[in-house]
Amino acid sequence: MAPIDYLNPDASFKHWIASDLRFFREREELSLSQMGLVMKCSRHTVSNIEHARDGWNMNEEQAARLDVHLRLNGHFARLVRYARTAHDPDWFAEYAKYEAKALVVRLYRLSLIPGLLQTPEYARAMIKESGLVQDVEAAVESRMKRQELLSRPKPPPIWVVLDEGILHRPMGGAEVMYQQLARLREAAELPHVTVRTVPLSVGSYVGLDGSFNSLAMETEDLAFVEAPGGGRLIQETAEVRGFGVRWERIGACALPRDASLGLIDQAMERFA
């Protein structure tokens, strides 16, 4: 059978797992259904993992069953373990799928306005500056598409905590920044959006370690840590719980809602 052309095992743990699963299945001359019996899952699950489709990941139990059946000395178990802890360009696309179905969204940002609240101009300036994206306009369009979450019939509560430094960084210039702060102020008035800021006067606090997102889903909670060119989607319960504690500690340093909006207003005056 021909290889799946779009898989790049050298650039993505998810693609590496997909490629190796198919390789070993074909080497053993197993059908999708037969491999499903080995992994204790359906043939459709095997196919989706082999194609590295969004939302379909090999779990630790499946990896262990494969390693025992194929006598691979823990090969798939190690891949799954490292895939969960490594930064990967595929993770954000998968995170976005979860975000669209989240019951609660929590966003902490250290250096930039979160994508869900960005204007096209701010997003464009940020994406261009990164130098990591070839099709800037497609990336901006994709980011704006995510913002449909805010206006859907029953949007989830969205809690945002920003480091105050974000309000003073003139991304794209004064005019772009003024419009971005106006957009932030407008979003903060929505009944399901709460924006708070950690003032510069706080000094050192746990949020200086970096930005992250967390999602409350129907059956589990998730966290996502961004990185240049990729990121890490966190689903392991203990680590997700740790990000919950981090969120609470950062929130303890943030100003109340009204005082936070006052800081945004003051920043807008600087760029007016």
Side-chain angles (χ1 to χ4, degrees), residues 87 89 91-93 95-96 99-100 105-152 155 158-190 192-202 205 207-214 224-232 250 253-255 257-272:
H87 289 282
W91 280 134
F92 185 77
Y95 164 80
E99 182 184 74
V105 177
R106 299 182 182 89
L107 309 172
Y108 166 67
R109 287 295 177 276
L110 174 63
S111 57
L112 295 164
I113 301 290
L116 281 179
L117 303 179
Q118 290 177 6
T119 64
E121 294 76 18
Y122 184 97
R124 187 175 294 110
M126 190 192 84
I127 293 168
K128 282 183 177 179
E129 185 64 29
S130 75
L132 298 172
V133 178
Q134 291 185 337
D135 193 338
V136 173
E137 292 309 312
V140 171
E141 182 179 353
S142 175
R143 189 161 298 183
M144 296 304 106
K145 182 75 173 175
R146 279 179 58 215
Q147 295 184 5
E148 293 177 359
L149 177 70
L150 279 74
S151 57
R152 74 188 192 191
I158 298 174
W159 296 82
V160 181
V161 177
L162 307 175
D163 185 276
E164 185 188 348
I166 295 172
L167 308 180
H168 305 296
R169 184 171 293 108
M171 179 65 68
E175 182 177 354
V176 168
M177 196 62 198
Y178 179 85
Q179 294 300 326
Q180 174 58 72
L181 292 174
R183 167 61 182 143
L184 180 64
R185 189 69 167 77
E186 176 186 314
E189 296 291 349
L190 295 172
H192 58 284
V193 177
T194 301
V195 177
R196 298 171 63 206
T197 55
V198 178
L200 295 174
S201 60
V202 166
Y205 70 105
L208 294 178
D209 284 349
S211 304
F212 64 92
N213 304 351
S214 68
F224 181 78
V225 179
E226 296 183 343
R232 186 161 70 94
I250 293 171
C253 298
L255 295 173
R257 176 184 177 277
D258 289 346
S260 295
L261 296 182
L263 281 184
I264 296 173
D265 291 339
Q266 293 172 25
M268 288 178 67
E269 292 177 3
R270 290 187 59 230
F271 295 111

message = Quick one, E164 with R196, criterion salt bridge (Lys or Arg N to Asp or Glu O under 4.0 Å). Give me CA distance, side-chain angles, the key distance, then yes/no.
response = CA-CA 9 Å; E164 185 188 348; R196 298 171 63 206; over 6 Å; no
message = Go through it in stages, so that I can follow the logic: the residues are I166 and I113, the test is side-chain contact (heavy atoms from CB on, under 4.5 Å), and I'd like the CA-CA distance, side-chain angles, deciding distance and then a yes or no.
response = CA-CA 7 Å; I166 295 172; I113 301 290; 3.5 Å; yes
task = Please assess R257 against V195 for the test side-chain contact (heavy atoms from CB on, under 4.5 Å), listing each intermediate value before the final yes or no.
result = CA-CA 6 Å; R257 176 184 177 277; V195 177; over 6 Å; no
request  = Take R109 and V160, measure what side-chain contact (heavy atoms from CB on, under 4.5 Å) needs, and give me the verdict at the end.
outcome  = CA-CA 8 Å; R109 287 295 177 276; V160 181; 5.9 Å; no
key: Trace of the side-chain contact (heavy atoms from CB on, under 4.5 Å) decision for L116 with L150   = CA-CA 8 Å; L116 281 179; L150 279 74; 4.1 Å; yes
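You'll find the side chain of L162 reaches within 4.5 Å of the side chain of L184, heavy atoms only. Side chains of L110 and L208 form a contact here, defined as non-hydrogen atoms less than 4.5 Å apart.
Not counting sequence neighbours, the partners of A139 by the side-chain contact (heavy atoms from CB on, under 4.5 Å) test are I127, V133. Taking the side-chain contact (heavy atoms from CB on, under 4.5 Å) definition, one finds that F271 meets it with P170, A174, M177, Y178, L181, sequence neighbours left out. Contacts of E141 classified as salt bridge (Lys or Arg N to Asp or Glu O under 4.0 Å), with partners at least two apart in sequence or in another chain: none. Among residues two or more places apart in sequence or in another chain, the salt bridge (Lys or Arg N to Asp or Glu O under 4.0 Å) test is passed with E175 by none.
Between the OG1 atom in T197 and the CG atom in L261 there is a gap of 8.5 Å [rounded to 0.5 Å]. The distance from the CG atom of L263 to the CG atom of L200 is 8.5 Å, given to the nearest 0.5 Å. Note that the CD1 atom of I250 and the OH atom of Y205 stand 6.5 Å from one another [nearest 0.5 Å]. Considering CD of Q147 and OG of S142, their distance stands at 10.5 Å, rounded to 0.5 Å. Put simply, CD on Q179 and OG1 on T119 are 7.5 Å apart, with the number rounded to the nearest 0.5 Å. Between the CZ atom of R143 and the OH atom of Y122 there is a distance of 9.5 Å, given to the nearest 0.5 Å.
Taking both residues in full, the closest heavy atoms of R169 and S111 are given as NH1-O, 2.8 Å, listed atom of the first, atom of the second, then distance. The heavy-atom pair separating G172 from A125 by the smallest distance is CA-CB, 3.7 Å. Between L167 and A267 the shortest heavy-atom distance is O-CB, 3.6 Å. Here the shortest heavy-atom pairing between V176 and M171 reads CG1-O, 3.4 Å. Of all non-hydrogen atoms in V225 and S211, the two that sit nearest each other are CG1-O, 4.1 Å. Across every non-hydrogen atom of V161 and A254, the tightest pair is CG1-CB, 4.2 Å.
When the shell of 6.0 Å around CD of Q134 is examined, it contains 12 or fewer heavy atoms from other residues, nucleotides or ligands.
Within the structure, the salt bridge (charged side-chain N to carboxylate O under 4.0 Å, His left out) test picks out the following pairs touching residues 121-132 (sequence neighbours left out): R124-E137. Under the side chain to side chain donor-acceptor pair (under 3.5 Å) criterion, the residue pairs touching residues 262-272 are H168-R270, R185-D265, with sequence neighbours excluded.
Between the side chain of Y108 and the main chain of G207, a donor-acceptor pair closer than 3.5 Å is present. When atom types are taken as modelled, the side chain of E99 and the backbone of L149 share no donor-acceptor pair closer than 3.5 angstrom. Between the side chain of T194 and the backbone N or O of W159 there is no donor-acceptor pair closer than 3.5 Å.
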